[in-house]
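Right, one structure below, let's go through it.
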Amino acid sequence: MSLADLTFDQWRSFDLSTARQVAQQAADLAGGRVVTVEVVEHLGARMHRVRIERNAQEFALVPGGTVTLGFNLDTWQPTSEQATDYQESLEEGFGYGPDLRAHLGLVLSPRRHVTLATVLMAVEDENLTESPTDMPAVLAARGLRMPSSDEWEHACGAGAGTLFRWGNDCPLDRIPYDDPTGPQHRPNALGLRIAYDTYRTELTSDVTAVHGGDGGESACGGYGHLLGWLPLATANRNPFLATEFVYSPEGEEMYEDFSTRPVLAL
């Protein structure tokens, strides 16, 4: 079996010895070295995190296969506190729908199944050094590429179907900027530092979406607490920010404020 065909379900079934063998195989393919293989608890079962260093940059192993992405609004019910917080934001002129469910339906990707290859993905996002249209060539010169939106979302949630990578709840007495010890600062299940700061704006190969933050817009605009956290939601693609600002002429001139998370194919 090619390592690129490794599935997320297979990966979760491996013992530590097998995980170490796969990690070494990935490192050999990447021309790097294994930094760590550790056991973590994820979705009620054991899973392994692998970090590989290549050219002074750390990557995490992201198993693929056929995976489920998007947020299922049909099976989700907001808490009364979340619904109230959104209504307060709506009264201040923020929000895209008459209620929280309608708002989420406009900004989150729908539930779906996709098939992805196993890849190595950078543990940290990095600021763009050229415009979004020129970054693919910049990364290709390093043997890398931008992730797809599906790859980013899968890597962030790692199989979790919750609103955020850590669950469905978030503090409603503060925004992420005011929460230095909040859940967003913990590495995710695959060891990535991802969806951790709403002031970040991660770009992928999909020009209709941005991920992991909104450039701080929700923190500076008085949006309210829940709307202040939602840019960190796994399935939030911030479509309005992407089309109306990031990929507009104004956004093209501010590319240094955006980032991407390089991917190394196996």
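All residue numbers in this chain count up from 1 along the given sequence.
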Ignoring hydrogens and geometry, is there a side-chain-to-backbone donor-acceptor pair from Asp99 to Ala102 under 3.5 Å? yes

Any salt bridge (Lys or Arg N to Asp or Glu O under 4.0 Å) pairs touching residues 72-87, not counting sequence neighbours? none

Under 3.5 Å: donor-acceptor pair, side chain of Arg49, backbone of Val37: no

Using modelled atom types only, decide if a donor and an acceptor are shared between the side chain of Asn236 and the backbone of Leu230 within a distance under 3.5 Å. yes

If you measure only the distance, is there a donor-acceptor pair under 3.5 Å linking the side chains of Thr208 and Asp206? yes

Modelled atom types, side-chain donor and acceptor of Ser109 and Arg112, under 3.5 Å: yes

Where the side chain of His185 meets the backbone of Asp197, is there a donor-acceptor pair that is under 3.5 Å apart? no

Which heavy-atom pair separates Ala26 from Ile52 by the least distance, and what is that distance? CB-CD1, 3.7 Å

Quick check: are there more than 12 heavy atoms from other residues, nucleotides or ligands sitting under 6.0 Å from CZ of Phe245? yes

Within a reach of under 6.0 Å around CD of Glu92, are more than 12 heavy atoms found that belong to other residues, nucleotides or ligands? no

List, one per line, each side-chain donor-acceptor pair under 3.5 Å for residues 256-266, sequence neighbours excluded.
residue: Ser259; atom: OG; partner: Asp125; partner atom: OD2; Å: 2.6
residue: Thr260; atom: OG1; partner: Leu203; partner atom: O; Å: 2.8
residue: Arg261; atom: NE; partner: Glu202; partner atom: OE1; Å: 3.1
residue: Arg261; atom: NH1; partner: Ala122; partner atom: O; Å: 3.2
residue: Arg261; atom: NH1; partner: Val123; partner atom: O; Å: 2.7
residue: Arg261; atom: NH1; partner: Arg193; partner atom: O; Å: 3.2
residue: Arg261; atom: NH2; partner: Arg193; partner atom: O; Å: 2.7
residue: Arg261; atom: NH2; partner: Glu202; partner atom: OE2; Å: 2.7

Gln87 versus Leu100: any side-chain heavy-atom pair under 4.5 Å? no

Residues Arg54 and Asp28 bridged, charged N to O under 4.0 Å: no

